[in-house]
Amino acid sequence: MTTLLTHPETALAPSAPAAIIASPKVKLRRNRIVIEHPDTRAGEKLLAEALGAVDRDALHGLLGQLAKASAVARKPDQGNLSFMISMLKSITPKDSLEAMLAAQMVSIHVASMRCACRLACTDDVPQQESLTRALTRLARTYAAQMEALNRHRSNDACAITVQNLSVQDGGKAVVGHFTQHANLIAAQPNLVDAVTV
């Protein structure tokens, strides 16, 4: 995927986390991935922290997989790779599982956009139908990945929302945000009001 628009090399979000700003850029040079930083080891460490990689092998494995997924005409594409790494950083994976899932999410997004581009550029009805099915599957996969990431980050805590509550005369209700873990119900401080009818 290539873009015709040029963009400055400045950060777009001044309030971005320090790990995103501090991590070095990655460049493709002669079938190699080069981490641009004066100190190679420090650059690897900063990038590994930003991508959620636990060690050097995990970092280079993840970067290699992203480079392959960035390919245009069977060659890794610098623009796609930079975009994918930037999006992966913005997800801020906290562990290896999140890093792998986030890399898959970014790859599925890129594949979805490629599919959408092909769909927009074809007038052949059978090809449109095939691309529509593929785009739908990719979008569903991405939504499932988002749900899996949210579930992992919340440690499988189930959220229960009560939309309608009826309190009879003499009854009491507590209004606020609550979290339930196992058999313990705890209210968030400063959000609880007792209401008596």
Side-chain angles (χ1 to χ4, degrees), residues 1-3 12-13 15-17 19-20 23 26 28 33 47-55 57-122 124-164 177-182 184-186 188:
M1 181 173 166
T2 57
T3 57
L12 297 177
S15 61
I20 295 173
S23 65
V26 173
L28 293 171
I33 298 171
L47 191 57
E49 287 173 6
L51 299 181
V54 294
D55 59 24
D57 292 334
L59 173 65
H60 286 283
L62 193 61
L63 290 175
Q65 290 172 342
L66 289 172
K68 289 176 184 175
S70 75
V72 173
R74 299 184 183 189
K75 290 185 179 181
D77 180 74
Q78 179 64 56
N80 277 346
L81 181 61
S82 295
F83 168 77
M84 294 171 83
I85 290 171
S86 178
M87 291 296 101
L88 186 58
K89 288 178 191 177
S90 71
I91 295 172
T92 60
K94 307 289 186 258
D95 56 33
S96 296
L97 291 174
E98 285 189 17
M100 290 184 291
L101 183 56
Q104 290 175 14
M105 291 170 65
V106 170
S107 299
I108 289 293
H109 171 75
V110 169
S112 298
M113 294 298 100
R114 286 179 182 164
C115 192
C117 179
R118 289 183 185 131
L119 179 59
C121 295
T122 187
D124 182 35
V125 174
Q127 196 172 25
Q128 285 177 340
E129 290 173 356
S130 174
L131 288 167
T132 300
R133 280 192 305 276
L135 186 56
T136 301
R137 288 179 183 145
L138 289 166
R140 286 181 182 157
T141 299
Y142 186 82
Q145 290 170 329
M146 285 287 296
E147 186 177 322
L149 181 62
N150 288 333
R151 233 182 6 255
H152 176 73
R153 285 186 171 174
S154 67
N155 295 323
D156 293 327
C158 295
I160 299 172
T161 303
V162 178
Q163 293 183 353
N164 296 316
H177 296 281
F178 294 89
T179 305
Q180 180 176 0
H181 294 285
L184 173 68
I185 298 177
Q188 291 181 356

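Positions are given from 1 along the sequence.
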ask   = Atom CD1 in Ile85, atom CG in Leu51: separation rounded to 0.5 Å?
value =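 Between atom CD1 of Ile85 and atom CG of Leu51 there are 6.5 Å.
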
ask   = If every non-hydrogen atom of Ser112 is compared with every non-hydrogen atom of Ala139, which pair is closest and at what distance?
value =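 Minimum heavy-atom contact is OG-N, 4.4 Å.
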
Gap between atom CG of Leu135 and atom CZ of Arg118 - 0.5 Å precision =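 If I round to the nearest 0.5 Å, the distance is 11.5 Å.
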
inquiry  = Is the shortest side-chain heavy-atom distance between Leu81 and Leu63 below 4.5 Å?
reply    =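 A side-chain contact is absent here, since even the closest heavy-atom pair is not under 4.5 Å.
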
Going by atom type alone, with no hydrogens or angles, which donor-acceptor pairs under 3.5 Å involve a side-chain atom of residues 93-101 and a protein atom two or more places apart or on another chain?
from	atom 1	to	atom 2	distance (Å)
Lys94	NZ	Thr92	O	3.1
Lys94	NZ	Thr92	OG1	3.2
Asp95	OD1	Leu97	N	3.2
Asp95	OD1	Glu98	N	2.8
Asp95	OD2	His152	NE2	3.1
Glu98	OE1	Lys94	N	2.9
Glu98	OE1	Arg153	NE	3.0
Glu98	OE1	Arg153	NH2	3.0
Glu98	OE2	Arg153	NE	3.4

Salt bridge (Lys or Arg N to Asp or Glu O under 4.0 Å): pairs with one or both residues in residues 127-141, sequence neighbours excluded =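 Of all non-adjacent pairs touching residues 127-141, none passes salt bridge (Lys or Arg N to Asp or Glu O under 4.0 Å).
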
query = What residues form a ring-ring contact (aromatic ring centres under 6.0 Å, His included) with Phe83, not counting sequence neighbours?
reply =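 Only His109 meet the ring-ring contact (aromatic ring centres under 6.0 Å, His included) criterion with Phe83.
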
inquiry  = Just verifying a value: how many Å separate Ile91 CD1 and Ser86 OG, rounded to the nearest 0.5 Å?
reply    =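 Output value for this atom pair is 10.0 Å.
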
ask   = How long is the span from the CE atom in Met113 to the CG atom in Leu138, to the nearest 0.5 Å?
value =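 So the CE of Met113 and the CG of Leu138 are separated by 9.0 Å.
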
ask   = Who pairs with Ala48 by side-chain contact (heavy atoms from CB on, under 4.5 Å), at least two apart in sequence or on another chain?
value =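 In terms of side-chain contact (heavy atoms from CB on, under 4.5 Å), with neighbours along the sequence ignored, Ala48 is linked to Ala53, Leu59.
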
inquiry  = Ala69: which residues meet the side-chain contact (heavy atoms from CB on, under 4.5 Å) condition with it, sequence neighbours left out?
reply    =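 Met84, Ser107.
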
query = Partners of Ser82 by side-chain hydrogen bond (donor to acceptor under 3.5 Å, both in side chains), sequence neighbours excluded?
reply =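 Listed in chain order: Gln78.
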
query = Does Arg114 reach the side chain of Val72, with side-chain heavy atoms less than 4.5 Å apart?
reply =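 Answer yes - side chains close enough.
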
key: Atom pair CD1/CG of Ile33 and Leu66 - distance to nearest 0.5 Å   =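 It is 8.0 Å, given to the nearest 0.5 Å.
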
query = Can you list the residues that meet the side-chain contact (heavy atoms from CB on, under 4.5 Å) rule with Gln127, with sequence neighbours excluded?
reply =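 With neighbours one apart ignored, the set is Thr122, Asp124, Leu131.
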
